[in-house]
Amino acid sequence: MAKITKLDDIVSLCKRRGFIFQSSEIYGGLASCYDYGPLGVELKNNVRKAWWKSTVQMRDDIVGLDCSILMHPMVWKASGHTDQFADLIAECKKCNVRTRVDHLQEKVTEQAEEHTEHIAIDAAMAKAQDLSSKLCPNCGTVGRFTEPMPFELMFETQMGANVDDSMTLYLRPETAQGIFANFRNVLDTARVKIPFGIAQIGKSFRNEVTTKAFIFRTREFEQAELEFFCRPGTDEHWYKHWKELRFNWYIDLGIKKENLRLRDHEPDELAHYAKACVDIEYRFPFGSGDWQELEGIANRTDFDLRQHQRGMRTLNKWFENDRDLTNIELSGEAEDYQSGPLSYFDDEQKKRYIPYVIEPSAGIDRSALAFLVDAYDEEEVRGETRNLLRFHPALAPVKVGVFPLVKREGMPEIAQNIYNDLKKYFNCFYDEKGAIGRRYRRQDEAGTPFCITVDGQTTEDKTVTVRDRNSMEQVRVSTDQLLNHLREKLDM
RNA sequence: GCGGGUGUAGCAUAGUGGCUAAUGCACCGGCCUUCCAAGCCGGCUACGAGGGUUCGAUCCCCUUCACCCGCUCCA
């Protein structure tokens, strides 16, 4: 079994094999940012592809979308991100521990659950100013805090080259809002009927307080999100449906069952918008064997679409306020909000309503790493250690290695021809250098499922050997059957 | 952000206030080689960055960057 027991081992493995590098390494690195190397980018692309195929292409009820990262600022007002993501933090002067102001407890009473959510920063600031009776959760000291400081969790940027009329925009902290903002467009153009989903893969950005832990929590990351719209009342059914489906997606792609689990959120752990939420967690094999979240599946109810209906009603205020978000309040909800601009007309029920949403939201980077770590293996072969990555064929960066047994007697030419033919269908790798055993082992380390070798017999009967990564066994296959043979084995 | 630790080649380790910074694996070239990291010959690549002390710093000091562990945080 794998001897990965520390995070360092994973980092080292990732670098050694060309999967993941520190960003800007030649300049000393940039905290929390990582780059994918030659094998890593193939792996990550394959993870994306596998998600997209199972979520969009294999289903009749889900369509895809690719939204811009920069969106209208009001999107984030309506979603609650501009308010909620600006957490107030205070630091205890005695022990230097920082705590969210809304998490601070009163000295005597237990009454302290005043969340800053949905409160403008100014209001929250005013309300939170008085920390004199608050208790430091770390050292127990009372009332010795720094001034509360807002903690911007969204990246800001400016749009417009002209400084005078440039506008503050945010890099999206989740891809989900782009889907909600396009709900109407998709409804009007894609002939979808509830229940249906809209899926998107893309980068998101969060100015996390702490990153650390390699690529588990980075400030720039890639999400694969599905918003599945359904009739209120059927939401629990679909929640269960996606919970099972998404769990099995990882298992079907080779994650060992004992390393994957579902963890339901406790009611007090739920985000304000969610009726229920479950995490799919992977047990990374280092440290205390901590379970880390790969994906969250939430029942977001009709919260988001309703919020955007409110946002649309707030647009004029925003213009009147010089396009400044900070001092405006979201307009209230219309009385007939159920038939508002983001409602859905249900043909069967002959009525309008705001659909409920089930959201499976996966981290592509985390998943790619979990697949990598889970595939890692070491085994003894004739007294030597064989390192290999037992990737599922769909995820393997390289599908087929093609070698001439030796570098003469016409073998390289034949092997080249086979390689040139096969690379139209799979990602292949040609290698003629060094001993054949060494070349096999190199591909084992990259996780390549099959290796084809052209040998002396090939020139006589036009057959080659196909060597299996896992068993190391070889079978002879006729060259004109090769493509079919590989397709079947790779299930592609 | 706090406390602790680390930073020497692609990786893993050695070593030193002063000689060409060592070893293994990997990698590249050559010879040999007809199926699982063989052998021989040759070769490339490193003291995270900046400053200070010093005749001289990879080593001592300061700053900084990055990573790891723990705390905190993780809508």
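Here is how names work: the chains are called A, B, and so on, in the same order as the sequence lines, proteins then strands, and each is numbered from 1.
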Parallel, tilted or perpendicular for A/Phe371 and A/Tyr250, by the 30°/60° rule? parallel
A/Leu405 atom CG is separated from B/U34 atom C1', nearest whole Å, by 5 Å
Using a strict cut-off of less than 4.0 Å between a Lys/Arg side-chain nitrogen and an Asp/Glu carboxylate oxygen, indicate whether A/Arg476 and A/Asp455 qualify as a salt bridge. yes
Please determine whether a side-chain nitrogen or oxygen atom of A/Arg408 lies at a distance below 4.0 Å from atom OP1 or OP2 of B/U34. yes
Tell me the interatomic distance from A/Tyr34, atom OH, to B/C68, atom C1', rounded to whole angstroms. 10 Å
How many Å lie between CG on A/Asn387 and C1' on B/A37, as a whole number? 10 Å
How far, in whole Å, is B/G4 from B/A75 if one measures between their C1' atoms? 30 Å
From the list B/C35, B/C67, B/C68, which nucleotide is the closest neighbour of the side chain of A/Tyr440? B/C35
Could you check, using the six-membered ring where one of them is a Trp, whether A/Phe21 and A/Tyr36 have ring centers closer than 6.0 angstrom? no
Across the strands shown, which category fits A/Glu25 at heavy-atom distances under 4.0 angstrom: base, sugar-phosphate, nothing? nothing
Reckon A/Glu293 touches a base, only the sugar-phosphate, or nothing at all at heavy-atom distances under 4.0 Å? nothing
For B/A26, give its Watson-Crick or G-U wobble partner with both distances under 3.5 Å, or none. none
To the nearest angstrom, the CZ-C1' distance between A/Arg16 and B/A9 comes to 15 Å
Once you round it to whole Å, what is the distance between C1' of B/U64 and CG of A/Leu30? 14 Å
On the 0 to 90° scale, with breaks at 30° and 60°, tag the A/Phe155-A/Phe205 ring pair as parallel, tilted or perpendicular. perpendicular
I need the CZ-P distance between A/Arg217 and B/C68, as an integer number of Å. 12 Å
Using heavy-atom distances to pick each residue's nearest nucleotide on RNA chain B, tell me which of A/Gly29 and A/Lys15 is more 5'. A/Lys15
Separation of B/U33 atom P from A/Arg439 atom CZ, nearest Å, is 15 Å
Is there a donor and acceptor pair, one atom on the side chain of A/Tyr27 and one on the base of B/C65, closer than 3.5 Å? no
Using a heavy-atom cut-off of 4.0 Å across all strands, would you classify A/Thr453 as base, sugar-phosphate, or nothing? base
Report the relative orientation of the aromatic rings in A/Phe229 and A/Phe183; use parallel for angles under 30°, tilted for 30 to 60°, perpendicular for over 60°. tilted
Should the side chain of A/Arg386 and the base of B/C36 be counted as holding a donor-acceptor pair, with the cut-off at 3.5 Å? no
If the C1' atom of B/C27 is compared with that of B/A9, how far apart are they to the nearest Å? 11 Å
P-based separation of B/G24 from B/G39 [nearest Å]: 12 Å
Between atom CG in A/Leu13 and atom P in B/A12, what is the gap in whole Å? 11 Å
Any side-chain to backbone donor/acceptor pair from A/Arg469 onto A/Gly447? Under 3.5 Å, distance only. yes
Do the side chain of A/Glu445 and the base of B/A26 come within less than 3.5 angstrom through a donor-acceptor pair of N or O atoms? no
Given B/A26, is OP1 or OP2 found less than 4.0 Å from the side-chain N or O atoms of A/Arg17? no
Give me the distance, rounded to whole Å, that separates B/A57 from B/A38 when you measure between the P atoms they each carry. 44 Å
